[in-house]
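Report on one structure; see the data block that follows.
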Amino acid sequence: MPKECEKRFLQPGKKGNKMDQILNITPGHYISLSVILFCIGAAGVLLRRNAIVIFLCIEIMLNAVNIALITFSRYFDQSRGEIFVFFVMAVAAAESAIGLALLIVVYKQKKTIDVDEINLLKG
Amino acid sequence: MFEYVWLIVLLPFFGFLILGLLGNKLGERISGIVASLATVLSFALAVKIFIELLSRPEEERSVVVTLFDWIVAGKIHTAIAYQIDPLSMLMTLIITGVGSLIHIYSIGYMHGDKGVPRFFAYLNLFMFSMLNLVLGSNLILMFLGWEGVGLCSYLLIAYYYDVKDAGDAGKKAFIVNRVGDFGFIIGIFLIINYFGVLDFLSLEKAVEAESVGALVIFWITLMLFVGATGKSAQIPLYVWLPDAMAGPTPVSALIHAATMVTSGIYMLARLSFLFVKAPETMMIISVIGALTAFFAATIGTQQNDIKKVLAYSTVSQLGYMFMGAGAGAFTAALFHVMTHAFFKALLFLGAGSVIHALHHEQDIRNMGGLRKKLPITHFIFLIGTLAIAGTPFFSGFFSKDEILWKTFNYNIVVWAFGAAAAMITSYYMFRLYFVTFWGDMRYHEHGDHKVHESPLVMTVPLLILAVLSAFGGIFGIPHILDIFHIGNYLEEFLKETVLDGSKTYYGHNVEIGLMVFSVTLAFAGFLIAYKLFYRNRKIPVKDDDIKGLNNVVYQKYFIDEIYNSLFVQSILNFSYGLWRWFDVLVIDGIVNGVGKIIKNFGDGSRDVQTGVVHDYMISMAIGLASFMTLLCLYLW
């Protein structure tokens, strides 16, 4: 990353609210939060067995991405990213509804939602 | 009228379509009438066109009627076009004329058979193919007809498909003909390569221009002659014709005596301008013809099946025609084609009448004394025998003597074989005649198996053919016997179309002398047969009692067995080897090997699919991470 950009990125946004300026919170902080949340979510998806927890973790990952989108949207002073976030939220809601319905059906069939037990596709 | 020439060809084809599609609905009687009508109309049209052709001046008697383009590829330009000239019209008249009579005869002969519509459909398809063969104005159309008649020959020989012999004979005819056709195709390819034209008129011009060497012409003519040996049953490919007698008798008369087997001669005459340029080929043709005439005649002396005798006689007579054509006397050969069509069709149909009367008995040892029971058949059979034996002033006499006279001028050894064959022919024909019609009756009538003369629908065509066999020679009377100045019609008629490659060294006295000599030979043959089979009332012995040389001849010199072990068995062994080694080891090995490799790969890689969601997600994460890493490295 070029020096100038790096410097700018680590300074509070000009249009940021007063609190940000007081606490000296830069876009870099938001992105860091996003990255940390994404990693937590990803780790959860990869490590947990309970399907509902995996679902929650996926939601965490989506929201981490949302934070990143909002941050950049504010930073570049464009509304595209914010619009995109709405779409992500809408799709995530729909996805959770379907996903939960599927889980209920799976539970009725197999009496478990442990994903390691559900391995019908074993070759 | 000339523009309607396609109707001559197409009328039998319509007949074939009607019978092939609706035959079983029409029934036996109507099928016969439809087929006969198609052929008779075709004949009538041919006569009309023939008369119109005669009314033209001699130089304008060659007309090509082009219907449409057929094959246009590169420099080859082939049209569906029919050539009307003396040669093609002569053949057309023989084919449709004799064909009509045989169609009508068949109505009576095939009565009561279960497949009559099929029979007539094939017969009409044959007429269509044969007319394409002789009327086509280029080699490709001729070849179409050539193959078509081969197909119909196969279908009709194997007409009684529930008899194994008939099916085998059909296959044999078809396969042996393939060998000949292979030569014919090579001949056509050579012509395309060296001349680039396929229609006869342009080809004649190209040949006259002498643009290619003698060696090329030699190979072209030799290959075409190989084709002719297949279709016209000459050594070494004659073996299919005697077996072809397994078909119904009218088929033997029409296809295997009168028309199809003479197509080789027609081809030679049509391409006479090519053949006269290749004296070596002409020599080969002549020698093959003489040998065939002689050997087939000797086999004929020992046969006891009435149709087999006639079959070998046909092979022998075809040998005569080739002998004459080889000597350059194409006109004489065509004259013999015509007279042979008359008397051999007559003999075959006469034999058919006997077989019909005796309820499918064909062995002459079980016949005898039939002249009282079958007076008309006996009469016409006698005429046929006299004609083929070369009795003076019957049709066979003129044509056979003309061929012998021309070959005498050509080569005396070839002539000697021909003359010997003439004597043997006379012997075996009178043997057949005496054993069948004289002596005691050896056929046992029982129940409703009474011997009866054939119905009118069969005897009337027989009588017409008998008249033609007796007097058909007047179209080609040699000049020295022409006391009434009738003129040699056929020679005059054909001289514009067919080249004459024969030469005359000897004078008229020699010609007369030869005539007397050959008549003496024929009479000698008759006397031997008369002495043995009429005076001594000898009957050919049973199969087991045939000994020594007679047995060798009776078994046809074991030619079939030799061919069988030489060609059939070796091909079978070769195929067996191919199956055992090449197919099982190589082909199967490759195919199964490919399958095995894929199967093993699948077995090895199936463990990747665990069915556990986490494994998929981890591999996805690793994949995505490595992809991103690579992308970053790339963009850096």
Side-chain angles (χ1 to χ4, degrees), chain A residues 1-6 9 31 34-62 64-65 68-69 72 92 95-96 98-107 109-123, chain B residues 171 175 569-636:
Chain A
M1 200 182 281
K3 276 272 159 60
E4 280 174 47
C5 266
E6 197 178 316
F9 200 69
I31 296 300
S34 167
V35 169
I36 291 164
L37 276 176
F38 189 87
C39 288
I40 292 172
V45 167
L46 294 178
L47 300 176
R48 298 302 294 267
R49 290 175 169 188
N50 190 314
I52 290 180
V53 177
I54 290 176
F55 243 111
L56 289 174
C57 290
I58 291 172
E59 295 297 321
I60 292 173
M61 287 164 79
L62 284 169
V65 174
L69 281 168
F72 285 116
E95 180 228 327
S96 326
I98 292 168
L100 287 172
L102 284 173
L103 279 180
I104 288 166
V105 177
V106 169
Y107 183 76
Q109 292 267 324
K110 306 212 78 165
K111 295 291 169 204
T112 176
I113 47 170
D114 185 338
V115 288
D116 285 358
E117 302 279 309
I118 307 165
N119 59 354
L120 283 173
L121 282 176
K122 183 170 169 46
Chain B
K171 281 184 278 183
I175 292 165
Q569 283 308 322
S570 59
I571 288 175
L572 280 180
N573 290 340
F574 180 63
S575 308
Y576 185 82
L578 276 185
W579 166 48
R580 273 304 188 198
W581 174 75
F582 190 72
D583 193 56
V584 171
L585 291 183
V586 179
I587 300 284
D588 286 3
I590 291 172
V591 172
N592 292 343
V594 169
K596 209 165 257 173
I597 288 168
I598 290 171
K599 186 171 178 293
N600 289 344
F601 180 74
D603 276 348
S605 57
R606 62 185 287 186
D607 293 340
V608 173
Q609 300 288 337
T610 56
V612 180
V613 179
H614 279 134
D615 294 345
Y616 297 113
M617 285 193 293
I618 287 170
S619 49
M620 194 174 105
I622 293 169
L624 197 65
S626 21
F627 176 69
M628 296 290 273
T629 317
L630 284 174
L631 196 69
C632 286
L633 285 174
Y634 177 70
L635 289 175
W636 207 258

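Below, chains carry the letters A, B, ... as their sequence lines are ordered, and counting in each starts from 1. FYI, side chains are in, hydrogens and waters are out, and symmetry mates aren't considered; it's all heavy atoms of this structure. It should be emphasised that the depicted structure is a prediction, and the values quoted were computed from it without experimental measurement.
The distance from atom NE2 of B:His614 to atom CG of A:Asn119, rounded to the nearest 0.5 Å, is 12.5 Å.
Looking at A:Arg48, the atoms closer than 4.5 Å to chain B (heavy atoms on both sides) all sit in the backbone: N, CA, C or O. The contact between A:Leu47 and chain B is made entirely by backbone atoms, counting heavy-atom distances below 4.5 Å.
Annotation: ring pair (Phe, Tyr, Trp, His ring centres under 6.0 Å) contacts involving residues 575-607 of chain B, sequence neighbours excluded, comprise B:Tyr576-B:Trp579.
Options B:Thr610, B:Val608, B:Val612 differ in how many heavy-atom pairs under 4.5 Å they form with chain A, and the most are formed by B:Thr610.
Annotation: side chain to side chain donor-acceptor pair (under 3.5 Å) contacts of B:Ser575 (sequence neighbours excluded): none.
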